[in-house]
K.L.:
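The structure that follows is given in the form of structure tokens.
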Amino acid sequence: MDAHRLKKLEQTTRYDPSEVEARIFGEWMEAGYFHPPAEGTPDENFSVAIPPPNVTGALHMGHALNGSMQDALVRMNRMRGRNSLWILGTDHAGIATQSVVEKTLRAEGKDRHELGREEFVKRVWEWKEEYGSRIVEQYKRLGASCDYERERFTLDDGYVKAVYRVFKQLYDKGYIYRDNYMVNWDPGSHSAISDLEVENREVTDTLYSIDYPVEGTDRVLTVATVRPETMLADTAVAVNPDDERYGDLIGQFCVLPLVGRRLPIVADEHVDPEFGTGALKITPGHDPNDFEIGRKHGLEEIVAIGPDGRLTEEAGERFAGMTAAEAQEAVVAALRERGALSGEEPYVHSVPFSHRSGERIEPLISLQWFCRMDELAAPAIEAVESDRVKIAPGQWKRVYLEWMREIRPWCISRQLWWGHRIPVWYCDACEETYVAEDPAAAPERCGACGGELRQEEDVLDTWFSSAIWPFATLGWPEDTPELRAFYPTSFLTTAREILFLWVARMIMTGLEFAGDVPFHDVYVHSVVQARDGRRMSKSLGTGIDPLEEIDVHGADALRFGLLAMSSTQDVRYSDAKVQQGRDLANKLWNASRLILLNAKGADGPKAGHIDTISARRPEDRWILSRMERTIASVTAKLDAYDFAHAATEAYSFFWSELCDWYLEIVKPRLYEGEEEVSANLLWLLERTLALLHPIMPFVSEEVWSYHPSRRGHLAVHSFPAAEDSLFDPEAEAEVERGIELTRRLRAWRDMVEVPAKSELSARVEGEAPQEFVGRLSRFALDGDGGDPIAAVGPVRVLASADIDAAAVAARLQKRRGELRAEVARAEGKLANEKFVARAPAELVEGERAKLERYRAELEELAE
RNA sequence: GGGCGCUUAGCUCAGUUGGGAGAGCGCCAGCUCGACAAGCUGGAGGUCACUGGUUCGAGCCCAGUAGCGCCCACCA
């Protein structure tokens, strides 16, 4: 070690992540560890496709948690020697990105229509070039070992090719079709959105009752609605066929107030006779249910509200041009004036809102592209039923299957400019339609009549392109080396909110196009909530910025904290866990200083080899055994996606057993320069660093740089496999007895308020405990003479000026109380004949043995 | 309306197949002992939401009740 580094190690008593992390990340990148060759088979290799963040995105806690989990597994498998690829890239995020750029345009006083489509898309690309790599840089701060040299974007040339190919094949199969159908219209983004992008919220509306006179009679049918303005597009009134009140009216007509249109009275089972008056106004143009009923009965579909949210000519001169809200007011006023309004009451119900823009959905009939899903779903259902794709935790498997079994057509067109423009061309002259399967082979003129072609204006839903992420990123549809080496990928971690939106669709497209499932394991992780239990969200101001946490505590601390707090259920963000991670990094640094600055003669050519360690003393055998058991257990937990327990178990082995006990036990040997213990400590340190590296890559790599056994970076060091030859139950039992006795002696001292410094004199009955017991509890156990004043296990404490007799008496009194309670408990249990008869024999025996011990101790302490 | 999950120490959460309730943080007391005060040692603190059942024995299994949360759903 050169003098400068030695000095740093000697003088730095606090680990400073900010000084370390960027430098180390640079070293890894420089070495190219994260850019594996496209060799080997998917079975031998390890690969993960990152859930592609939006180009507009900034790293949030969800990314940080998900990234910490993926990186832990990728790093562990890389260290195991597997050719490991973590595919990275970003999603073009149609609506989000388009609105960001539109906002900057607005700031310049322009809108996209002024620019025109081509110019606007150019602007979005410029924006993407400038800001689109922000989130990728943020993943580096986290320490994510992604392949940054293979970064992909869903609008890359190659990726677009894959999207076209998929569209064409689905079209040719007849799955993709165009239809005039009711869709969720988002007035915010001025586009249709899919069912999955809609969220229902509870709102309080006014439920209006309106009287529709029945033609040729003096009867009225009273209907109820929360959207009176839609009455302008009513084309029928429906009643339940079994409703006796209205049986005679079926087939007759109502007259629509304000408009005068004749509305047939139809019978439909969907109508609930119990609700309201049992009569339902039917507006096929503006209500999804009514749309279904309308199609069933062949009703006219009138569109009274346009895509701009304003009333159309169909609504009549009086209302045309008004916004829906204005029209509602006007319609209510007009009805009231005519006495047709027979009721108003507050009404709480759930209504659809756009997940993207937050605006209330306007159900609208429009010409859109759809993809039929049932044929694609069938094999994807089978793959999960048969566990070819395993979804954990188990309840999500059921949720997936239930949704898939009732899957509905997917509206895939969006009225945006930013995205994959649908590869369909129309010939207006002869009504021919063309679909391109390659962007390079877009048709130019109509093959039938030679006429001009016009490309579809709409783009595809962003999720259409993310659905093919795992194979499109590897070069599909070309037969690339990457595809052969890394598909199927090994596993996927995800938040449950995109289980349907993304995961299910990847399984469907993977089976359909890439010939295999996209991954074998899906792990649905918890949602990290804000500290107060609310969801983290920008708009609520409840978000916690991972980058700020990294600035303050370091990436390792955040990674450890997130993994430790993760769970199968949702968790609140815990500052304490992140602090625990920070403390762990610091402790690791300082324990390493102790070892590295004092170890002697252990850096020969065989350094770090198992043959160099010595296990003659019980405490050495104990810690070596515990180390290997911890490796076995932590590794198994990581492989089973149990990140929280893996992290906390590694923590507690290192902190409690290695630092609190073993280091304290061996300090005298270490300071004497004993080579044996030095070799053991270096071995233990090496294995601990390697074990922790997947969870805390930076601090472990930094410490490793000082380790005499180092031949290269820890990032590519071999991951420890548990050496079961070192398991040693006898040594474990022996040392644990010593530890237990030390604890009791310390507790006794504290209880009788002996000054911390004073060494007490005592002697031992029977076999002498291990050397460390007396040293760590500050007892001289070789005392002689005098009557003992107290007993702690086999130790007889001798009188001393430092011991307060009254305190000892009080302590004795307390202990006797405890013992009597224990004796009573055990006696009670053993007096229960059924317990003795039916409980397992060893349990009963154990209870008897305990009773004996308690009685014996009580006797010893008799007054 | 249907489904799923949660309720354990002051706080945030663990508790594997039913056999004397754990961690981290916080709190109290004592420690500048040659790695670390982001540290060390000791300690206090729990009717495991409630009710009933099964069992020799229940935080864990069963039934129900209450509260909280999430997902799905076409009753105006």
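In what follows, chains are A, B, ... by sequence order, proteins preceding strands, each numbered from 1.
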K.L.:
Roughly how many Å apart are B:C40 and B:A21, using the P atom of each and rounding to a whole number?
P.N.:
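Taking atom P in both B:A21 and B:C40, they lie 28 Å apart.
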
K.L.:
Among the nucleotides B:U12, B:C74, B:C33, which one has an atom lying closest to any side-chain atom of A:H270?
P.N.:
B:C74

K.L.:
Name the closest nucleotide to the A:S567 side chain, picking from B:C13, B:C25, B:C74.
P.N.:
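Among the listed nucleotides, the one closest to the side chain of A:S567 is B:C13.
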
K.L.:
Which whole number of Å gives the distance between the P atom of B:A14 and that of B:C33?
P.N.:
40 Å

K.L.:
Indicate, with a heavy-atom threshold strictly under 4.0 Å, whether A:K850 touches base, sugar-phosphate, or nothing.
P.N.:
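Here A:K850 touches the bases of the nucleic acid.
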
K.L.:
Could you tell me whether A:A747 contacts a base, only the sugar-phosphate backbone, or nothing, with contacts defined as non-hydrogen atoms closer than 4.0 Å?
P.N.:
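Sugar-phosphate, backbone atoms only, no base.
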
K.L.:
Using whole Å, report how far CD1 of A:I282 lies from P of B:C75.
P.N.:
14 Å

K.L.:
Between the base of B:G20 and the side chain of A:R825, is there any donor-acceptor pair under 3.5 Å?
P.N.:
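Yes, a donor-acceptor pair under 3.5 Å.
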
K.L.:
A:Y15 vs A:W589 aromatic rings, parallel, tilted or perpendicular, using cut-offs 30° and 60°?
P.N.:
tilted

K.L.:
Rounded to whole angstroms, how far apart are CD on A:Q529 and P on B:C13?
P.N.:
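In whole Å, B:C13 P and A:Q529 CD are 8 Å from each other.
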
K.L.:
Tell me whether the side-chain N/O atoms of A:R572 come closer than 4.0 Å to OP1 or OP2 in B:U12.
P.N.:
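So the side-chain polar atoms of A:R572 do come within 4.0 Å of the phosphate oxygens OP1 or OP2 of B:U12, strictly under.
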
K.L.:
What does B:C70 pair with, Watson-Crick or G-U, if both distances are under 3.5 Å?
P.N.:
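Paired with B:C70, as far as the under-3.5 Å criterion goes, is B:G3.
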
K.L.:
Regarding A:E822, tell me which of base, sugar-phosphate or nothing describes its non-hydrogen contacts under 4.0 Å with the strands shown.
P.N.:
base

K.L.:
Got a sec: does the NE2 of A:H297 have more than 12 other heavy atoms crowding it under 6.0 Å?
P.N.:
yes

K.L.:
With rounding to the closest Å, how many angstrom separate the P atoms on B:G19 and B:C60?
P.N.:
11 Å

K.L.:
What's A:S350 touching, base or sugar-phosphate or nothing? Going by heavy atoms closer than 4.0 Å.
P.N.:
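Result for A:S350 = base.
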
K.L.:
Please say which of A:I282, A:V223, A:L280 ends up in a side chain to side chain contact (heavy atoms under 4.5 Å, CB included) with A:V237.
P.N.:
A:V223

K.L.:
Below the 4.0 Å mark, does B:C74 have OP1 or OP2 next to a side-chain nitrogen or oxygen of A:R408?
P.N.:
yes

K.L.:
For A:T283 and A:K281, what are the C-alpha separation, side-chain angles and deciding distance, and is it a side chain to side chain donor-acceptor pair (under 3.5 Å)?
P.N.:
CA-CA 7 Å; A:T283 321; A:K281 74 193 254 314; 3.0 Å; yes

K.L.:
Output the single nucleotide from B:C31, B:A23, B:C36 whose closest atom is nearest the side chain of A:K577.
P.N.:
B:A23

K.L.:
Take atom P in B:G59 and the same atom in B:G69, then report the distance between them in whole Å.
P.N.:
28 Å

K.L.:
Using the P atom as the reference point in each nucleotide, state the distance between B:U7 and B:C62 in Å, no decimals.
P.N.:
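Those two atoms are separated by 15 Å.
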
K.L.:
Side chain of A:A756, heavy atoms from C-beta onward: which of B:G42, B:C31, B:C74 has the nearest atom to it?
P.N.:
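Closest of the options to the side chain of A:A756: B:C31.
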
K.L.:
Scan A:E406 against the nucleic acid and name what it touches under 4.0 Å (heavy atoms): base, sugar-phosphate only, or nothing.
P.N.:
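No contact at all - A:E406 keeps every heavy atom at 4.0 Å or more from the nucleic acid.
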
K.L.:
Could you tell me whether A:V271 contacts a base, only the sugar-phosphate backbone, or nothing, with contacts defined as non-hydrogen atoms closer than 4.0 Å?
P.N.:
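Counting heavy atoms under 4.0 Å across all strands, the contact made by A:V271 includes a base.
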
K.L.:
Under 4.0 Å, counting only non-hydrogen atoms across every strand here, what does A:D660 touch: a base, just sugar-phosphate, or nothing?
P.N.:
sugar-phosphate

K.L.:
Scan side-chain atoms only and decide if A:S633 and A:E649 contain a donor-acceptor pair under the 3.5 Å cut-off.
P.N.:
yes

K.L.:
Between B:G18 and B:G5, how far apart are the C1' atoms? Round to whole Å, please.
P.N.:
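The answer is 22 Å between these two C1' atoms.
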
K.L.:
Taking the six-membered ring for Trp, are the ring centroids of A:Y400 and A:F500 within less than 6.0 Å of each other?
P.N.:
no

K.L.:
According to a strict under-4.0 Å criterion, is A:Q569 in side-chain N/O contact with OP1 or OP2 of B:A14?
P.N.:
yes

K.L.:
Assess the side chains of A:D570 and A:S526: does a donor N or O sit below 3.5 Å from an acceptor N or O?
P.N.:
no

K.L.:
Under a 3.5 Å cutoff, is there a donor and acceptor pairing between the side chains of A:Y212 and A:D234?
P.N.:
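A:D234 and A:Y212 do have a side-chain donor-acceptor pair below 3.5 Å.
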
K.L.:
Under 4.0 Å, counting only non-hydrogen atoms across every strand here, what does A:P840 touch: a base, just sugar-phosphate, or nothing?
P.N.:
base

K.L.:
Once you round it to whole Å, what is the distance between C1' of B:A44 and NZ of A:K814?
P.N.:
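Going from NZ in A:K814 over to C1' in B:A44 covers 10 Å.
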
K.L.:
Strictly by Watson-Crick or wobble contacts shorter than 3.5 Å, is anything paired with B:U41, and which nucleotide is it?
P.N.:
B:A29

K.L.:
For B:U55, give the paired nucleotide (Watson-Crick: N1-N3 plus N6-O4 or O6-N4; G-U: N1-O2 and O6-N3; both under 3.5 Å), or none.
P.N.:
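Its partner: none found.
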
K.L.:
Tell me what A:R582 touches on the nucleic acid: a base, only sugar-phosphate, or nothing, going by heavy atoms under 4.0 Å.
P.N.:
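Since a base atom lies under 4.0 Å of A:R582, the category is base.
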
K.L.:
Students often get this wrong, so: under 4.0 angstrom with heavy atoms, is A:D272 touching a base, only sugar-phosphate, or nothing?
P.N.:
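The residue A:D272 makes base contact.
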
K.L.:
Quick one: CG on A:L584 to SG on A:C659, what's the gap to the nearest 0.5 Å?
P.N.:
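The SG atom of A:C659 is 9.0 Å from CG of A:L584, to the nearest 0.5 Å.
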
K.L.:
For residues 224-243 of chain A, which residues have at least one heavy atom under 4.0 Å from RNA chain B?
P.N.:
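Those residues are A:A224, A:T225.
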
K.L.:
Both distances under 3.5 Å, Watson-Crick or G-U wobble: report the partner of B:C11, or none.
P.N.:
B:G24

K.L.:
For A:D570 and B:C4, give me the distance from atom CG to atom C1', rounded to whole Å.
P.N.:
12 Å

K.L.:
Taking the six-membered ring of A:F353, is the NZ or CZ of A:R201 close enough (under 6.0 Å from the centre) and on axis enough (within 45°)?
P.N.:
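Yes - A:R201 lies over the ring of A:F353, closer than 6.0 Å to its centre and within 45° of its axis.
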
K.L.:
Once you round it to whole Å, what is the distance between C1' of B:A23 and CD of A:Q579?
P.N.:
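It is 15 Å, rounded to the nearest whole Å.
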
K.L.:
Looking only at the side chain of A:E402 (C-beta and beyond, no hydrogens), which of the listed nucleotides B:C36, B:A76, B:G3 gets closest?
P.N.:
B:G3

K.L.:
Would you kindly compare A:R14 and A:L207 by the position of their nearest RNA chain B nucleotide and give the one closer to the 5′ end?
P.N.:
A:R14

K.L.:
Crowded around A:K7 NZ? As in, over 12 foreign heavy atoms under 6.0 Å?
P.N.:
no

K.L.:
Which residue lies toward the 5' end of RNA chain B, A:R531 or A:N598, if each is placed at its nearest nucleotide?
P.N.:
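Whichever sits nearer the 5' end wins; that is A:R531.
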
K.L.:
Could you tell me whether the phosphate oxygens of B:C40, OP1 or OP2, come under 4.0 Å of any side-chain nitrogen or oxygen in A:W655?
P.N.:
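Answer is yes, contact under 4.0 Å.
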
K.L.:
Scan A:H645 against the nucleic acid and name what it touches under 4.0 Å (heavy atoms): base, sugar-phosphate only, or nothing.
P.N.:
sugar-phosphate

K.L.:
When you measure from the side-chain N and O atoms of A:T648 to the phosphate of B:A14, is any distance below 4.0 Å, counting only OP1 and OP2?
P.N.:
no

K.L.:
If you draw a 6.0 Å radius around CZ in A:R245, do more than 12 non-hydrogen atoms from other residues or ligands fall strictly inside?
P.N.:
yes

K.L.:
Paired with B:C75 by Watson-Crick or G-U wobble geometry, both distances under 3.5 Å: which nucleotide is it?
P.N.:
none

K.L.:
Any side-chain N or O of A:K281 below 4.0 angstrom from OP1/OP2 of B:C75?
P.N.:
no

K.L.:
Please determine whether a side-chain nitrogen or oxygen atom of A:Y347 lies at a distance below 4.0 Å from atom OP1 or OP2 of B:A76.
P.N.:
yes

K.L.:
Base, sugar-phosphate alone, or nothing: which one does A:Y854 contact when heavy atoms must sit under 4.0 Å apart?
P.N.:
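Base, at least one base heavy atom under 4.0 Å.
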
K.L.:
For atom C1', what is the distance between B:G24 and B:G15, given to the nearest Å?
P.N.:
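About 15 Å, rounded to a whole number of Å.
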
K.L.:
To the nearest angstrom, how far is A:K757 atom NZ from B:C31 atom P?
P.N.:
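From A:K757 NZ to B:C31 P: 10 Å.
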
K.L.:
Which whole-number value in Å describes the distance from A:R295 CZ to B:C74 P?
P.N.:
17 Å

K.L.:
May I have the distance from A:L221 (atom CG) to B:A76 (atom P), rounded to whole angstrom?
P.N.:
19 Å

K.L.:
Have a look at A:R496 and say if it touches a base, only the backbone sugar-phosphate, or nothing, with a 4.0 Å heavy-atom cut-off.
P.N.:
sugar-phosphate

K.L.:
For atom P, what is the distance between B:A49 and B:C13, given to the nearest Å?
P.N.:
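One P to the other, the span is 15 Å.
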
